**Q** 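Pasting a structure below so you can have a look.
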Amino acid sequence: EYAVACNNLVLPLNAVGRGEQALKRADEALRIAESHPDREWGRESSIIFRNNRAILLMNTDQKAAAEIYAGLVDEMEREGRQDEHQTALYLMNLGASLREGGQDDTAEASYLRALEVLRLQGWEDRRNLAFILDALAGLALRKGRLAEAADRVRESVRLADEFLSGASA
């Protein structure tokens with residue numbers, strides 16, 4: 001389908017420095033998803049397409065990216081999907097965009113919510129847990145909470161090592 005093809009071009013176009021074209025493809029994919037006759041397909045695809053659009057904006061417009069991620073998290077929660085893995089990833093990306101935008105307290109709250117969702121899932125996603133703990137360590141360091149930062153970095157490194165050990169097996 002054309003919308004999927006447009007969406008599949010978004011990140012590669014951006015990776016080769018064609019960000020403006022990537023945004024146009026993202027917008028085209030979203031436009032199609034929003035008017036698709038199969039409403040369920042359109043709704044689910046719109047979530048994926050908005051995520052890719054937000055990824056594009058992370059380096060250029062953190063505020064816009066944060067708004068998209070906040071909307072995705074709200075939508076997942078309204079649908080009763082607040083404990084799903086994907087919600088944790090949106091919370092993680094929301095935290096990253098808020099952190100890059102200088103909103104450290106709100107970013108920290110978002111990362112902590114993502115940790116809670118992943119905890120409810122049994123802590124299986126070592127790679128993203130390590131990323132979140134590392135980001136929380138950086139925020140703790142910025143706030144002068146040195147012992148907390150050190151603890152979070154140690155845990156992040158341990159989880160990253162576990163992930164890498166499992167990935168190379």
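None of the values given here were measured: they were computed from a predicted structure.
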**Q** Grouping I, L, V, M, F, W and Y whenever their side-chain heavy atoms are under 4.5 Å apart, do L118 and L89 come out in a common cluster?
**A**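 Yes, L118 and L89 fall within the same hydrophobic cluster.
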**Q** Which residues pass the side chain to side chain contact (heavy atoms under 4.5 Å, CB included) test with N59, not counting sequence neighbours?
**A**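 Testing N59 for side chain to side chain contact (heavy atoms under 4.5 Å, CB included), a comparison that skips the adjacent residues, returns none.
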**Q** Examine M76 and L30 and state if one hydrophobic cluster contains both, with Ile, Leu, Val, Met, Phe, Trp and Tyr joined whenever side-chain heavy atoms are less than 4.5 Å apart.
**A**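 Result: no, two separate clusters.
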**Q** Just verifying a value: how many Å separate Q103 CD and L139 CG, rounded to the nearest 0.5 Å?
**A**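 It is 12.0 Å, given to the nearest 0.5 Å.
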**Q** Write down the atom of A22, the atom of V10, and the distance for their closest heavy-atom approach.
**A**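 The answer is CB-O, 3.3 Å.
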**Q** Hey, could you give me each pair passing salt bridge (Lys or Arg N to Asp or Glu O under 4.0 Å) that has a residue in residues 3-19? Not counting sequence neighbours.
**A**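 For residues 3-19: none.
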**Q** If the condition is salt bridge (charged side-chain N to carboxylate O under 4.0 Å, His left out), which residues does K143 pass it with, not counting sequence neighbours?
**A**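 By the salt bridge (charged side-chain N to carboxylate O under 4.0 Å, His left out) rule, K143 matches D105, E108.
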**Q** When rounded to the nearest 0.5 angstrom, what is the spacing between CD1 in I132 and CD in E116?
**A**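 I132 atom CD1 to E116 atom CD measures 11.5 Å (nearest 0.5 Å).
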**Q** Hey, what do you get for CG (L115) to CG (L91), rounding to the nearest 0.5 Å?
**A**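 If we round to the nearest 0.5 Å, L115:CG and L91:CG are 10.0 Å apart.
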**Q** What's the separation between atom CZ in R126 and atom CD in E162, rounded to the nearest 0.5 Å?
**A**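 R126 CZ to E162 CD: 4.5 Å, rounded to 0.5 Å.
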**Q** Going by side chain to side chain contact (heavy atoms under 4.5 Å, CB included), name the residues that satisfy it together with R78, two or more places apart in sequence or in a different chain.
**A**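 R78 satisfies side chain to side chain contact (heavy atoms under 4.5 Å, CB included) with D74, E75 only.
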**Q** With sequence neighbours left out, write down each residue that passes ring-ring contact (aromatic ring centres under 6.0 Å, His included) with H85, or none if nothing qualifies.
**A**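 H85: no ring-ring contact (aromatic ring centres under 6.0 Å, His included) contacts found.
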**Q** With clusters defined by side-chain heavy atoms of hydrophobic residues (ILVMFWY) lying less than 4.5 Å apart, directly or transitively, does Y111 cluster with L159?
**A**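 Yes.
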**Q** Taking the inter-plane angle between the rings of W41 and H36 on a 0 to 90° scale, is it parallel (under 30°), tilted (30 to 60°) or perpendicular (over 60°)?
**A**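 Tilted.
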**Q** Do L11 and M58 sit in the same hydrophobic cluster, where Ile, Leu, Val, Met, Phe, Trp and Tyr count as joined when their side-chain heavy atoms come under 4.5 Å apart?
**A**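 Shared cluster, yes.
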**Q** Should R53 and D27 count as an ion pair when the cut-off is N to O under 4.0 Å?
**A**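 A salt bridge is present here (some side-chain N lies under 4.0 Å from a carboxylate O).
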**Q** Applying side chain to side chain donor-acceptor pair (under 3.5 Å), can you list everything that pairs with R43, at least two apart in sequence or on another chain?
**A**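 Partners of R43 under the side chain to side chain donor-acceptor pair (under 3.5 Å) test: E40, E79.
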**Q** Which distance, rounded to the nearest 0.5 Å, do you find between the CG of L98 and the CD of E67?
**A**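 Interatomic distance, L98 CG to E67 CD, rounded to 0.5 Å: 10.0 Å.
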**Q** Holding to salt bridge (charged side-chain N to carboxylate O under 4.0 Å, His left out), I want the full list of residues that pass it with D83, two or more places apart in sequence or in another chain.
**A**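 Once residues adjacent in sequence are excluded, D83 has no partner under the salt bridge (charged side-chain N to carboxylate O under 4.0 Å, His left out) criterion.
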**Q** Report the C-alpha distance between L23 and L13 in whole Å, list the side-chain angles of each, state the deciding distance to 0.1 Å, and finish with yes or no for side-chain contact (heavy atoms from CB on, under 4.5 Å).
**A** CA-CA 9 Å; L23 277 172; L13 283 170; over 6 Å; no
**Q** If Ile, Leu, Val, Met, Phe, Trp and Tyr residues are connected whenever their side-chain heavy atoms lie under 4.5 Å apart, and connections chain through other members, are L129 and V117 in the same group?
**A**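 In one cluster: no.
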**Q** Return the set of residues passing side chain to side chain contact (heavy atoms under 4.5 Å, CB included) with N51 (not counting sequence neighbours), or none when no residue passes.
**A**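 Side chain to side chain contact (heavy atoms under 4.5 Å, CB included) list for N51, sorted by chain: I55, Y69, L72, Y90, N93.
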**Q** Taking only residues two or more places apart in sequence or in another chain, which ones pass salt bridge (charged side-chain N to carboxylate O under 4.0 Å, His left out) with E20?
**A**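 Applying salt bridge (charged side-chain N to carboxylate O under 4.0 Å, His left out) to E20 gives none.
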**Q** Anything under 3.5 Å between a donor and an acceptor, one on a side chain of residues 2-9, the other on a protein residue two or more places apart or in another chain? List them.
**A**
residue: Y2; atom: OH; partner: R25; partner atom: NH1; Å: 3.3
residue: N7; atom: OD1; partner: N52; partner atom: ND2; Å: 3.1
residue: N8; atom: ND2; partner: V4; partner atom: O; Å: 3.4

**Q** List in chain and number order the residues that pass side chain to side chain contact (heavy atoms under 4.5 Å, CB included) with A150, two or more places apart in sequence or in another chain; answer none if no residue qualifies.
**A**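 Listed in chain order: R154.
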**Q** Step by step, would you call R99 with D104 a salt bridge (Lys or Arg N to Asp or Glu O under 4.0 Å)?
**A** CA-CA 5 Å; R99 184 190 68 220; D104 290 355; over 6 Å; no
**Q** Without hydrogens or angle criteria, can the side chains of S46 and R50 be said to hold a donor-acceptor pair below 3.5 Å?
**A**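 Note: S46 and R50 side chains meet the donor-acceptor criterion.
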**Q** Suppose we screen for salt bridge (charged side-chain N to carboxylate O under 4.0 Å, His left out). Which residues come up paired with E155, at least two apart in sequence or across chains?
**A**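 If we apply the salt bridge (charged side-chain N to carboxylate O under 4.0 Å, His left out) test to E155, skipping adjacent residues, the hits are R158.
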**Q** Checking R39 side chain against E34 main chain: does a donor-acceptor pair fall under 3.5 Å?
**A**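 At least one qualifying donor-acceptor pair exists.
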